[in-house]
J.: 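Structure provided below as structure tokens; questions to follow.
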Amino acid sequence: MLPAISFQLPAWIVPRVTLPAPIPPLEAGGWKLEATMKYYLWTVGCQMNKADSEKLAAGFDRLGMKAVDRAERADLVVINTCSVRQHAEDRAYSKLGRVRDLKKERPTLKVAVMGCMVGLKTGELEKRFPYVDAFARPQQFGPVMALVEEPAEDMGGEFWPTTYAVPEGPTAFVPVVHGCNKFCTYCIVPYRRGREKSRPMDEIVREVGYLTVHGVREVTLLGQTVEAYGHDLAEQPDLGDLMRELSALERLERIRFLTSYPKDMTHRILKTIAELPKVMECFSLPVQAGSDAVLQSMRRGYTIGEYLEKIAEVRALMPNAGITTDIIVGYPGETEADFEATCDVLERLRFDKVHVAAYSPRPGTIAHRTMADDVPQAVKAERLHRVEEIEERISREINASYVGTTQEVLIEGLKHEQPFGRTRTGRLVHVDAPARIGSLVDVRIEHAGPFSLRGSFVDALVLA
Ligand code: SAH
Ligand code: SF4
Ligand code: F3S
């Protein structure tokens, strides 16, 4: 990753965007570092966690540190963790085990653990991992930065608000609302990421303006419940208002958003999404379960009937919308009939993609405190497999229905020298022709595979 640089305002940028304050010169801080200090950053979890890692990397790069792709070559190892399921935690534990061996060989190695495994009380973690030099909660970069930098007094010890990652391609993720207020019974996120907190609209517009100057054409606005955006701000803008502001950025071609919460997705927001040409018809709308009994026990706040109505509303406004969902199987008390109801919903709604996971009890959550994890492991595995089968079949059928259509594709990169990108509905497309990364092209879909589409240009002139 390149260090962030200051830049001139190009003539084509829309005048009402104020760009970030120029980055202070290196002398402004009291750096502890050799300019060549190398860091290795390992990340699991959701896009929010990945966005945190990018921000941290931008901070390191600005200090002149260098990213390396193996812990063996690093002076500092940062492990950015996720707690959503036991499996994610186990991956971090195994990584930590390897880092412990490295630290034995090389005691000068610094190790930091950040992200959702770090809760309010770090005592237990400190006991279990005495070789870790710093623990940092999500978004609290301070303890990690303190290993490499002394905060500059003239910046109040805080340079994060104006530190943006230099993007590596034409797409970027931008958190707009942090945390979650929903407290679904199974979920650890609100305990680790705290309550909903929206970023001010002008700050987001500035950041996206900066990204477009560095070649970004598509941004994905992130929130655990992204439609909660603005509820806590003085003027109470909604997600649609933010999208309208961002649409005015001339160089920005596309706006995506993740993750939607059925109850927060108002008609007003949906209408704005449908109206704004830059906003993609691409929804991530977790249903979690198909039975009202399970939904109620999960405290999701909607019935399956209400969820179906929401999807009907989306499809009435945007008939071709791509919609993905999340499912949990084996939630406490889930009967065979409850599970069948989930399968029925999948058959009925025909999602573009289903992210399915077996229930994993999370200490500290309501479900863990009050419900037995009573669905046997083998039953969970079987249900998981059945959902996967339904999803694969439907996804294949949806892919086949694209053949013969023309789709707008943003070229994101090259794989085996061949351009690839996504449709406005979020489908992956490989293109059988040379194309510039970052260009928006019309592609005629000729083949459909199980996971992606393939096609070539409708109009050869796009290459000119
Ligand atoms: N904010 C989003 C996603 C949160 S976590 C939402 O409201 O849906 C991502 C997904 O992980 C969830 O949608 C859920 O399907 C899954 N998940 C969360 N906690 C889980 C648990 N304890 N066991 C299994 N899956 C879980
Ligand atoms: Fe977790 Fe529910 Fe919040 Fe999603 S909405 S992050 S599942 S508590
Ligand atoms: Fe995991 Fe935290 Fe994201 S628990 S899913 S990294 S919000």
Side-chain angles (χ1 to χ4, degrees), residues 30-33 37-46 48-57 59-60 63 65 67-68 70-151 157-160 178-180 183 186-195 197 360-366 368-369:
W31 316 115
K32 280 183 188 173
L33 271 181
M37 188 172 183
K38 298 187 185 78
Y39 69 93
Y40 169 72
L41 180 49
W42 183 85
T43 310
V44 274
C46 60
M48 203 60 113
N49 230 28
K50 289 177 190 149
D52 286 352
S53 280
E54 279 172 19
K55 199 162 168 124
L56 184 72
F60 287 160
L63 294 181
M65 293 169 66
V68 291
R70 289 182 53 192
E72 286 78 3
R73 297 204 206 110
D75 307 302
L76 167 68
V77 172
V78 182
I79 299 187
N80 192 4
T81 59
C82 168
S83 273
V84 80
R85 284 177 286 278
Q86 190 57 42
H87 177 67
E89 292 202 350
D90 291 344
R91 289 181 61 199
Y93 290 141
S94 107
K95 197 81 187 168
L96 269 165
R98 290 206 293 282
V99 171
R100 179 193 52 209
D101 297 342
L102 277 180
K103 184 135 181 170
K104 256 189 220 146
E105 287 164 25
R106 201 156 39 92
T108 54
L109 177 70
K110 295 259 182 257
V111 181
V113 173
M114 62 182 263
C116 290
M117 268 169 69
V118 184
L120 268 180
K121 299 182 198 124
T122 53
E124 208 177 294
L125 285 171
E126 278 160 10
K127 237 188 267 160
R128 193 164 164 194
F129 305 104
Y131 52 92
V132 171
D133 300 286
F135 292 97
R137 301 192 67 201
Q139 295 279 304
Q140 314 282 303
F141 303 97
V144 184
M145 291 311 288
L147 295 176
V148 297
E149 182 237 20
E150 276 164 16
E158 175 60 275
F159 67 56
W160 296 103
H178 294 291
C180 181
F183 289 93
Y186 51 83
C187 184
I188 194 74
V189 172
Y191 302 91
R192 299 296 158 86
R193 293 222 162 230
R195 296 303 86 79
K197 193 165 188 319
S360 169
R362 307 284 69 216
T365 59
I366 301 164
H368 181 264
R369 274 184 270 134

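Computed from heavy atoms alone, side chains included, the values below leave out hydrogens, waters and symmetry copies.
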J.: Identify the two heavy atoms, one from V44 and one from C82, that lie closest to each other, and give their separation to 0.1 Å.
T.: CG2-N, 3.6 Å
J.: Among residues two or more places apart or on two chains, list those pairs meeting side-chain hydrogen bond (donor to acceptor under 3.5 Å, both in side chains) that have a residue in residues 114-138.
T.: Y93-R128, K103-D133, T122-E126
J.: Provide the closest heavy-atom pair for M117 versus A92 in the form atom of the first, atom of the second, distance.
T.: SD-CB, 3.8 Å
J.: Quick one: side-chain hydrogen bond (donor to acceptor under 3.5 Å, both in side chains) pairs with a partner in residues 73-87, sequence neighbours left out?
T.: N49-N80, S53-N80, D69-R73, S83-E89, S83-R192, Q86-D90, Q86-R362
J.: Give a yes or no on whether the backbone of E72 and the side-chain of R106 come within a donor-acceptor separation of less than 3.5 Å.
T.: yes
J.: Show your working on side chain to side chain contact (heavy atoms under 4.5 Å, CB included) between L96 and V132 and close with a plain yes or no.
T.: CA-CA 9 Å; L96 269 165; V132 171; 3.9 Å; yes
J.: Could you give the distance from NZ (K50) to CG (L41), rounded to the nearest 0.5 Å?
T.: 12.0 Å
J.: Go through the steps to decide whether L76 and L147 satisfy the test side chain to side chain contact (heavy atoms under 4.5 Å, CB included), and finish with yes or no.
T.: CA-CA 9 Å; L76 167 68; L147 295 176; 3.9 Å; yes
J.: Is there a side-chain contact between F60 and V78, using heavy atoms and a 4.5 Å cut-off?
T.: yes
J.: Under the rule for salt bridge (Lys or Arg N to Asp or Glu O under 4.0 Å), what residues qualify as partners of R195, not counting sequence neighbours?
T.: none
J.: Among all residues two or more places apart in sequence or in another chain, which pass the side chain to side chain donor-acceptor pair (under 3.5 Å) test with K110?
T.: none
J.: Heavy-atom distance under 4.5 Å between the side chains of R193 and Q139, does that happen here?
T.: yes
J.: Can you name the closest pair of heavy atoms from P190 and C180 and give their distance?
T.: CB-O, 3.5 Å
J.: Report the distance from atom CG of L56 to atom CE of M114, rounding to the nearest 0.5 Å.
T.: 5.0 Å
J.: Taking all atoms of both residues into account, what is the closest heavy-atom pair of P138 and G115, and its distance?
T.: CD-O, 3.3 Å
J.: Taking only residues two or more places apart in sequence or in another chain, which ones pass side chain to side chain contact (heavy atoms under 4.5 Å, CB included) with H368?
T.: P361, P363, T365
J.: Side-chain contact test, heavy atoms from C-beta onward, threshold under 4.5 Å: evaluate it for F129 versus V113 and give yes or no.
T.: no
J.: For K197, what residues pass the side chain to side chain contact (heavy atoms under 4.5 Å, CB included) criterion, not counting sequence neighbours?
T.: D232
J.: Supply the atom-to-atom distance W42 CH2 to R98 CZ, rounded to the nearest 0.5 angstrom.
T.: 8.5 Å
